[in-house]
Amino acid sequence: MKNKLKSEIIADFLDLIEQCKIDYKISDEKIGQADKASSDMIHSIEFCNDSRKRSKTATQLHNIRKDRRYYKDMNEEAAVIIGYLEEHKKAAEKLKFVLGEMRKVESYHENRTYKPRVIQIDEKG
C-alpha cells in the first residue's frame, strides 16, 4: 500500500472542514423540517378518531424522528469542527498556505536532478 503524501493528508483535512460546513448547514435545515413535521404528526394523532389511520400516522412520526436523530447526530459532529474554526479562523487559512508550500516541496523532491560540478560521470554506465 502506498503511503499518502503529506499534502494529500492536509488536503483531506481541508476537505473535511468544508464538508463539515456543508453538513452543518444541511443538518440544521433538516432538523427544523423534522421538528415541524413531528408537530404536524402529533396534532394529526391528537385529532384522529380512526385507530388504523392513527397507527399509520404514528409510524410516520417514528420515521420522521429517526431521520431527525440522524441529522442531529450529523449536526453535533460537524459542530465540533465548526466551533474550532470559529475560535481559530487564522489556523484554517494558514493550513491552506501550508498545503501550497508542501506541494511545492513535494514537487521539487519528485523532479530533483543533480548535475555534477567536478566529477564527470559516464552516463553509459
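Nothing here was measured: the structure is a model prediction, and the numbers come from that model. All heavy atoms count here, side chains included; hydrogens, waters and symmetry mates do not.
- Residues in residues 53-63 take part in no salt bridge (charged side-chain N to carboxylate O under 4.0 Å, His left out) pair, two or more places apart or across chains.
- Scanning all heavy atoms of the two residues, the minimum distance from Glu106 to Lys6 falls at OE2-N, 3.2 Å.
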Under 3.5 Å, sequence neighbours excluded: what are the donor-acceptor pairs made by side chains of residues 108-116?
residue : atom : partner : partner atom : Å
Asn111  : ND2  : Ser107  : O            : 3.2

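- Checked against side-chain hydrogen bond (donor to acceptor under 3.5 Å, both in side chains), Glu101 has the following partners two or more places apart in sequence or in another chain: Lys104.
- In terms of hydrophobic clustering, with Ile, Leu, Val, Met, Phe, Trp and Tyr side chains grouped at heavy-atom distances under 4.5 Å, Ile9 and Ile81 are assigned to different clusters.
- Residue pairs meeting the side-chain hydrogen bond (donor to acceptor under 3.5 Å, both in side chains) criterion with at least one member in residues 72-100, sequence neighbours excluded, are Ser27-Asn75.
- Rounding to the nearest 0.5 Å gives a distance of 10.5 Å between CD of Glu8 and CG of Leu99.
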Please set out all donor-acceptor pairs under 3.5 angstrom arising from side-chain atoms of residues 11-26, sequence neighbours excluded.
residue : atom : partner : partner atom : Å
Asp12   : OD2  : Lys4    : NZ           : 2.3
Glu18   : OE2  : Lys21   : NZ           : 3.3
Gln19   : NE2  : Asp23   : OD1          : 2.8

If you look only at distance, which donor and acceptor atoms sit under 3.5 Å apart when one is on a side chain in residues 31-50 and the other is two or more places apart or in another chain?
residue : atom : partner : partner atom : Å
Asp35   : OD1  : Arg68   : NE           : 2.4
Asp35   : OD1  : Arg68   : NH2          : 3.3
Ser38   : OG   : Ala34   : O            : 2.9
His43   : ND1  : Ser39   : O            : 2.8
Asp50   : OD1  : Arg52   : N            : 3.1

